[in-house]
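First the structure, in the form of structure tokens, and then the observations on it.
Naming: A, B, ... by sequence-line order, numbering from 1 per chain.
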Amino acid sequence: MLAAIRSWRSQLRAIIDTQLFQLRGPERGTLELVQRRIFILPTGYGLLFVLTLLLMLTGAINYTLALGFVLTFLLTALGVLSILHTFRNLAQLRLTAGKVEPVFAGGSAHFTFRVDNPGGLDRYAIGMVRDKRALPAWCDVAARASSTLQVAIPAERRGRLRPGRLTAFTRYPLGLCHAWSYVDLDVTCIVYPHPEPAGAPLPPPTPVRGDGANAGDGRDDFAGLRAYHPGDSPRHVAWKAAARGQGLLTKVFAGNANAELWLNWDDLPPALGIEARLSRLARWVLDADTAGLAYGLRLPRRTLDPLSGRAQRERALEALALFEP
Amino acid sequence: MAATLPAERLDPKSVLWLVAALAMVAAPHLERVPLWLSGLIGMLAVWRLYLLYFGLRMPSRWLLALIAAGAVVGVFIAYGRLLGRDAGVALLVIMLALKLLELTAHRDAMVLSFLAYFLIVTNFLYSQSIPTALYMLAAVWFITATMTGFQYRGRRPGTRAQLTMAGKLLAQAAPLALVLFLFFPRVQGPLWGLPQDALAGMTGLSDSMSPGTLSTLILSDNVAFRVKFEERVPGAPQLYWRGPVLWDFDGTTWTAPRVPYLLRRGFEPLGGRVSYSVTVEPHSKRWLFALDLPEKVPPRAFLTTDFQLLWPGPVTTRVRYDMTSSLEFRSGGDETPYELRRGLQLPTGFNPRTAELAKRMRERAPTDRDFVNIALRYLREEEFSYTLSPPLLEGPHPVDRFLFETRAGFCEHYASAFAVLARAAGIPSRVVTGYQGGEINPVGDYMIVRQADAHAWVEVWLGTEGWVRIDPTAAVSPARVQTGIGNAMPGTSPLPGLAGGNYPWLHSARLTWDSLANTWNQLVLGYGTDRQQQLLNRIGIDDATWQTLITIMLGTAGGVIVLLSLLTLRRLRRGTRDPVLKAWEAFCTRMAERHLPRAPQEGPLDYARRVATAVPDLAPRISAISRLYAALRYGKQPDQDGVERLRRMVAAFRP
């Protein structure tokens, strides 16, 4: 029974969405808030205002106050006018989705929308929100000018994040009416896997063509430190750091023609699970990038050759974000 | 109802606006409430501003509840009640002031704004004059501007912009408000009983008269009623506006019968018919006023046996009615012995010297008419004087004291003494109070009758002649009846402000103002069920039911709303046409005419490159247009000169 009601309700909702609100899924490019896209209803304050008007009308009738009638009718007309003005404050705005910076899962994706006002009226207090309980983003748009709205949306899982159906709304000028329009623009944010807490040491560099299992021959440029693995040459142990109580660390040298740092999916124990393995890889990408190392990433069906720098980091994290087992 | 937003804090500017708006609507009330209450209200407002200025926290709810409880007790002590007009208003204002100290969020601010609107209506309970209306219109404007202020989320555009926005909203709302005012079906109030004190502070005649009753009323400048004559205006000596008729005398005070006689009695009009309409000011009693004697009875009103016009209930709002009167008439002739006995009743043992005088006069007079003349001659020839501040009539026999000792009095003294004389001589008589005279206002061509024109006279029963009006005051001071109260008073008497007329310019200014007020009363304040029907008759709709009215109202309002939408949304549509885009589209159209249309996905620079190769001779201009367009469209800085340049370049471009 309950399930029947629930399914009936969701069907009704779908009909309302497609028929009344004309929702047709994400749209590309610029969205113009034309008349049929804008909906308007009184706010709670609007209803309270109507109640006040009824009270005033009753008083005016009972005490035969001609000016009471005048005031009641003037305010009634003001309420009607505020519908027009609230509608006008939102109408004909153009929304374009901007570029979104990738984020790590667990953070917030900041979707930016450019709001163009091609008309000759200044617009005030345009709000944008996804979750009705969240604080909206606000902006004013002067006549023939643009402004931006930035909506923060929690990025919970790695992958592509769509903002989903957002609501652009306004209550200006009197707060008695709420005009809104659904904004579903085709824009995505790449959400990187949440990097696991620092701690797991980077894997040892892999010797090219199978020779030389150590961390370089000591004649190359010093590149950084990593945790000591049994078997590392005692000549490469950072004894000074050990003396400072930092534990055993091994000096790593860059430019080693014979060894490459590979972050390899298959090297991680399958028992960890997919997401944990991706988290570990993300951590390693960050660590390697911080250390300024060149690194390669080897995933099933995808391989990135060893490189260093910002572009490599983004490529690697994106590959992890979009990884599909 | 649309979704509610999370509670938002109010910015300090909005608090300031709101305090100012509330002060504006509460100010007229502050002089009406007790002084301690005004002080408390002012203190609460100042407290709120102090907290705002120093950014301090609001006081605890307990403290506010304590103050509220104290104020309620105080109001109860001051007014003896908590309901009713005055106490209710006092409570409302104090609660609003207390609410200021809870004002932190948008929600509180919105609720307070609505209450401020409501407070305006309570002001109309006390005054609906033109200055009040203008002041309250300014208050509506200010409150509306305050409400716009709550909605800003970015930089506030400033006081002026807020007032402009609110002014525009109200100006656009006005035509719609007018439609509603004209066609909203009016219901005759009240819907329930008015509180007892709703009628406080109204002046007018009462149903009893003792020495001093009228002379205090005469000091009042207030308008009693206004009259618009249809054709001729009768001369001053004929302007006897009939009010309460007093039958019963207890030695000092004349009173009207508690229950009016409603037996209709005709009279014989002898000519001098005059038609006019009266708009009587509210006076909380039932009388309507008409010239002696009323020939017709206005709808809803009725006429008593002694020709008083009565309204079904107390006159609490302006009442307007059309009248026809006969100035010459012969009334009565079929009175019952019971009525005539009532007209002879005198308390025994009172005023013995008056009774003695009446007896002596009676002996010299063969007929009742002769007696009347002898009595009038007595008043005229003895040393009687007409004054607004007569000596007090102490002792058990006030009429004796007046006729034989003080000999100075006002119309009520003369009317009372004359009626007592007549009754003592066996002639049935009654005292009629009302107004005598009136001032023509040349500005609006109507007559103003003020409380200062209050008068009392006597009617005596002369057998075949019926009831005959005798004005003993006219015998003493003919000027009172000939030229009005202002000229009848000796210079030393305290004169009513307007009747004095020492400053002609002031007088004419006041007449102009009264004419304005009269127009206001007739057109705005007097617009009710009757006027609504009249309006509908004029546009050709008879017997409009409320359904008809609603249809007309909704139809007209719909039309006005459509016009207003066109007006408000026009600027939106016109502005939508971005001049840059418009110029570019014109350029593309011209190229398309040369069979070089732009592909939908083609950017401006790509397109320009393509068409430039097709028409090499125009290449420099095509490239200039497309580059300027791209710069204007996708550039960061708005460039008004560039827009103009692009427009001109495209206009000159003829491929």
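When all heavy atoms are compared, the tightest approach of B:Q128 to A:T64 is NE2-O, 4.2 Å. Nearest heavy atoms, A:L65 versus B:F124: CD2-O, 3.5 Å. Residues B:M147 and A:L176 come closest through the heavy atom pair CE-CD2, 4.1 Å. A:P173 and B:L169 get closest at one heavy-atom pair: CG-CD1, 3.9 Å. The shortest non-hydrogen separation linking B:L176 to A:A77 is CB-CB, 3.7 Å. Nearest heavy-atom pair across A:L67 and B:S129 is CD1-O, 4.5 Å.
Only the side chain of A:L57 comes within contact range of chain B, judged by heavy atoms closer than 4.5 Å. For A:L55, the parts lying under 4.5 angstrom from a heavy atom of chain B are both the backbone and the side chain. A:L75 touches chain B through its side chain: at least one heavy atom from C-beta onward sits under 4.5 Å away, while N, CA, C and O do not. Only the side chain of B:V140 has a heavy atom closer than 4.5 Å to any heavy atom of chain A. Within the 4.5 angstrom heavy-atom criterion, only side-chain atoms of A:L71, from C-beta onward, approach chain B. Of the atoms belonging to A:V70, heavy atoms from both backbone and side chain fall under 4.5 Å from chain B. Only the side chain of B:R186 comes within less than 4.5 Å of a heavy atom of chain A; its backbone N, CA, C and O stay farther away.
Looking at B:Y117 and A:F49, their side chains come closer than 4.5 Å, going by heavy atoms from C-beta outward. Annotation: side chain of B:Q151 is not in contact with side chain of A:L174 (no heavy-atom distance under 4.5 Å). Side-chain atoms of B:F114 and A:M56, non-hydrogen and from C-beta on, never get closer than 4.5 Å to each other. In this structure, B:L569 and A:R88 have side chains that are in contact, with non-hydrogen atoms separated by less than 4.5 Å.
In this structure, A:F69 has its ring center no closer than 6.0 Å to that of B:Y527.
Cation-pi check for B:R153 over A:Y124 is not met; the charged atom does not lie both under 6.0 angstrom from the ring centroid and within 45 degrees of its normal.
In this structure, B:W141 places its CH2 atom where only 12 or fewer heavy-atom neighbours from other residues, nucleotides or ligands lie under 6.0 Å away.
Atom CG of B:L567 sits about 10.0 Å away from atom CG of A:L84, to the nearest 0.5 Å. B:F184 CZ to A:I61 CD1: the interatomic distance, rounded to the nearest 0.5 Å, is 5.5 Å. B:T568 OG1 to A:L121 CG: the interatomic distance, rounded to the nearest 0.5 Å, is 9.5 Å.
Between A:F73 and B:F181, the ring-plane angle classifies as perpendicular under the 30° and 60° cut-offs.
Of the possible polar contacts, none joining the B:Q172 side chain to the A:L81 backbone as a donor-acceptor pair under 3.5 Å is found.
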